[in-house]
Amino acid sequence: FSGNVFVTAFRELAALIMIFIVVLFKKATFNPVKLLKESRAARVIAISALLGGPLAARLRVMAINYAGSGLSGTFTGMWIVFIPVFGTLFFKKKYSMTAWWGVIITSIAGSLSYLIFGISATSTFTLGILLALIVAILWAVQHILVENAMKCVSKSDSLTSEQANIYRYGISTIVYIVLIIPISMIVSGTYNPFTLFTEVFFGEGSLTVWGWYVVMMVSAGTANLLLYYSIKVIGSAWSSVLQNSYVVFGVLFTMLFNIDKDIARDNGQYINDFFGLSMDPGTIYWIMNIMLSLIVMVGMTLVTMGSY
């Protein structure tokens, strides 16, 4: 438990370091404390960082552990569905029928995913799906807050994508160091952070950990820089449409790297038995998973196009 927290915290720190390097390279340094006091947009980003950063990141890791990376990614990707729901309930915003058809399609595809892959699974699988949905809700709230901050009425109060990401990963890293890591060490009975660091990064399999650490550093930093920049350049609608594709890519990469092989085998065999098929369990599992993730992506795109 604490080992996973440590790795997640270092992913946040690695992304922060990469973004800081970009800021130095562009000679765009700034005083984050001063800007936080002066800019309403900065304060909104800081609040969203708490929701979409340490809290969502931790719950997402737990969801992956319980339900697998492919299927949990499909459910976390359904965050866009909650935007018209929250917009209608809390902001009295009107949405077109296109958006609501997208909500219906995505909800049906998500329900089918759970019914097909979850009926034969343990209670921890259901918990993983529930955690993934909580992450989706947190991401939806974060996106609404970020959109508000990056599209401020006053142009003098707007933030650059680098500044937004400094707050996003800086606050997340601080929360991990000050709060989440100490709590996780108490829960797991590991009170020496240096011992934990040594076990995670220099113990058995440490080369694999460092390899993934580098990948996470580059991917997390680059992805979020591009996300914040795309919101400013092409707006929330099109940036969200393009971002929706990660649901399918997540399933594809999980399949290519054979990450969820045990889950694929068990659920694939259940699908064979249920439909009276005799296909390879892994093959039928990934065929169904990819098909459903494509349907989810179509539904999410309809929601996005009907929301802006």
Side-chain angles (χ1 to χ4, degrees), residues 1-15 48-82 110 113-114 117-143 168-169 171-190 193 196-197 199-201 205 208-209 212-213 215-217 219-220 223-224 246-247 249-251 253-254 257-264 266-267 289 293 296:
F1 176 76
S2 55
N4 285 336
V5 171
F6 222 108
V7 172
T8 306
F10 267 76
R11 183 198 66 184
E12 301 290 288
L13 176 60
S48 70
L50 292 173
L51 299 175
L55 183 56
R58 182 67 209 128
L59 294 178
R60 189 185 184 194
V61 171
M62 295 173 65
I64 291 173
N65 287 339
Y66 293 143
S69 57
L71 197 56
S72 65
T74 298
F75 279 89
T76 55
M78 293 171 63
W79 62 271
I80 192 69
V81 173
F82 292 102
S113 296
Y114 178 75
F117 301 121
I119 289 180
S120 65
T122 62
S123 58
T124 56
F125 180 89
T126 301
L127 177 60
I129 297 301
L130 178 61
L131 291 173
L133 287 174
I134 294 175
V135 172
I137 293 173
L138 293 174
W139 280 358
V141 174
Q142 180 194 28
H143 188 86
R168 159 64 177 84
Y169 285 103
I171 291 175
S172 181
T173 301
I174 292 172
V175 172
Y176 264 102
I177 294 174
V178 174
L179 189 63
I180 297 180
I181 289 179
I183 291 176
S184 68
M185 288 192 296
I186 292 174
V187 172
S188 63
T190 304
L196 181 60
F197 177 85
E199 291 176 355
V200 173
F201 291 101
T208 301
V209 173
W212 282 113
Y213 177 63
V215 172
M216 287 189 297
M217 173 181 174
S219 61
N224 278 275
Y246 95 89
V247 172
F249 284 116
V251 173
F253 281 117
T254 302
F257 289 103
N258 202 25
I259 296 174
D260 292 343
K261 58 181 179 180
D262 293 334
I263 295 176
D266 296 340
N267 285 291
N289 213 334
S293 67
V296 168

Novice: Given the rule in the side chain to side chain contact (heavy atoms under 4.5 Å, CB included) test, do Leu138 and Leu59 qualify, once you have shown the distances and angles that lead to the verdict?
Specialist: CA-CA 10 Å; Leu138 293 174; Leu59 294 178; 4.1 Å; yes
Novice: How long is the gap from CG on Leu13 to CD1 on Ile174, to the nearest 0.5 Å?
Specialist: 10.5 Å
Novice: If you compare all heavy atoms of Met78 against all heavy atoms of Ala136, which two are closest, and at what distance to 0.1 Å?
Specialist: C-CB, 4.2 Å
Novice: Tell me the closest heavy-atom pair linking Leu127 and Tyr66, and the distance in Å.
Specialist: CD2-CE1, 3.6 Å
Novice: Can you name the closest pair of heavy atoms from Val296 and Gly110 and give their distance?
Specialist: CG2-N, 4.4 Å
Novice: Work out which heavy atom in Phe75 is nearest to a heavy atom in Ala132; give both atom names and the distance.
Specialist: CB-CB, 3.8 Å
Novice: Can you find a pair of side-chain heavy atoms, one from Val175 and one from Leu55, that are under 4.5 Å apart?
Specialist: no
Novice: Distance-only, no hydrogens or angles: does the Thr254 side chain make a donor-acceptor pair with backbone N or O of Gly250 under 3.5 Å?
Specialist: yes
Novice: Nearest heavy-atom pair of Ala140 and Trp79: which atoms, and what distance?
Specialist: CB-O, 3.4 Å
Novice: Might you point out which heavy atoms bring Leu131 and Met62 nearest each other, and give the distance in Å?
Specialist: CD1-CB, 3.7 Å
Novice: First locate atom CG of Leu133, then atom OG of Ser72, and finally report the distance between them rounded to the nearest 0.5 Å.
Specialist: 10.5 Å
